[in-house]
S.K.: 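What follows is a structure written as structure tokens; I'll ask about it next.
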Amino acid sequence: MRTPPSLVSLAIDAALINNLSNFSDLSPIPEHILLDLFLRTLRAGKLTERILNLFIATGKEEVLSLIESLNIQHVLTPVLPTRCSEKF
């Protein structure tokens, strides 16, 4: 007989399904749950720039070191001018 999933596991799955980017702050979440949420977000292919910023903004040391160890970096998109004021 298979054991049912824990309430924490169900809550993490619900956060992934309900679009994690709608959350404004993840810092109240305990660090061990944040780590699991981050890893499940990666496995689901749902890590975006906004979600990455949410995890970084928590300031939790283990989360930050996991991001660093996986070499996940911000994508710097250059901003190009729409018009030039100088004539070439």
Side-chain angles (χ1 to χ4, degrees):
M1 184 174 185
R2 190 173 161 219
T3 57
S6 70
L7 185 56
V8 171
S9 179
L10 291 173
I12 291 171
D13 289 342
L16 285 173
I17 292 169
N18 292 327
N19 202 356
L20 191 58
S21 64
N22 290 334
F23 289 83
S24 59
D25 186 16
L26 298 176
S27 58
I29 300 174
E31 195 163 20
H32 69 281
I33 296 174
L34 273 176
L35 288 171
D36 194 13
L37 180 60
F38 184 76
L39 291 172
R40 288 191 195 190
T41 302
L42 281 176
R43 275 189 232 119
K46 293 187 174 193
L47 186 65
T48 64
E49 189 75 21
R50 170 141 168 67
I51 293 174
L52 178 62
N53 287 334
L54 282 174
F55 282 104
I56 291 172
T58 64
K60 308 255 174 144
E61 194 61 39
E62 284 188 45
V63 175
L64 296 175
S65 64
L66 176 62
I67 292 169
E68 184 179 322
S69 70
L70 294 173
N71 199 24
I72 298 174
Q73 301 173 0
H74 288 280
V75 177
L76 298 176
T77 307
V79 178
L80 301 174
T82 55
R83 58 185 146 153
C84 295
S85 58
E86 297 179 26
K87 294 184 181 182
F88 293 99

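Small disclaimer: the values here were computed from a predicted structure and weren't measured.
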S.K.: For the atom pair CD1 (I72) and CG (L66), what is the distance rounded to the nearest 0.5 Å?
M.R.: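 If we round to the nearest 0.5 Å, I72:CD1 and L66:CG are 7.0 Å apart.
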S.K.: Could you tell me the separation between the CZ atom of F23 and the CG atom of L54, rounded to the nearest 0.5 Å?
M.R.: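 Taking CZ in F23 and CG in L54, the distance rounds to 9.5 Å.
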S.K.: I33, L64: one ILVMFWY side-chain cluster at the under-4.5 Å cut-off?
M.R.: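 They do share one cluster, since a chain of ILVMFWY contacts under 4.5 Å joins I33 to L64.
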S.K.: Distance check, rounded to the nearest 0.5 Å: L52 atom CG versus R50 atom CZ?
M.R.: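 Going from the CG atom of L52 to the CZ atom of R50 covers 12.0 Å.
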S.K.: Can you measure from CG (L47) to CZ (F38) and round to the nearest 0.5 angstrom?
M.R.: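 Nearest 0.5 Å value for the CG-CZ distance: 5.0 Å.
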S.K.: Nearest 0.5 Å please: distance from the CG atom of L35 over to the CD1 atom of I29.
M.R.: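 Those atoms lie 11.5 Å apart.
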S.K.: Taking the side chain as everything from C-beta on, heavy atoms only, tell me whether F55 gets closer than 4.5 Å to T41.
M.R.: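 Yes, close enough: below the 4.5 Å cut-off.
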S.K.: Could you go through L42 and L70, starting from their C-alpha distance and side-chain angles, then the distance that decides it, and tell me whether this counts as side-chain contact (heavy atoms from CB on, under 4.5 Å)?
M.R.: CA-CA 11 Å; L42 281 176; L70 294 173; 3.6 Å; yes
S.K.: Using salt bridge (charged side-chain N to carboxylate O under 4.0 Å, His left out) as the criterion, list what pairs up with R40, not counting sequence neighbours.
M.R.: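 For R40 the salt bridge (charged side-chain N to carboxylate O under 4.0 Å, His left out) partners, ignoring immediate neighbours, are D13, D36.
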S.K.: Out of curiosity, L37 CG to L16 CG, how far, rounded to the nearest 0.5 Å?
M.R.: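 Nearest 0.5 Å value for the CG-CG distance: 5.5 Å.
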S.K.: Kindly state each residue pair satisfying side-chain hydrogen bond (donor to acceptor under 3.5 Å, both in side chains) with at least one member in residues 54-66, sequence neighbours excluded.
M.R.: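 Not a single pair qualifies under side-chain hydrogen bond (donor to acceptor under 3.5 Å, both in side chains).
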S.K.: Are L10 and I12 grouped together when hydrophobic residues (ILVMFWY) are joined by side-chain heavy atoms under 4.5 angstrom apart?
M.R.: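 Different clusters.
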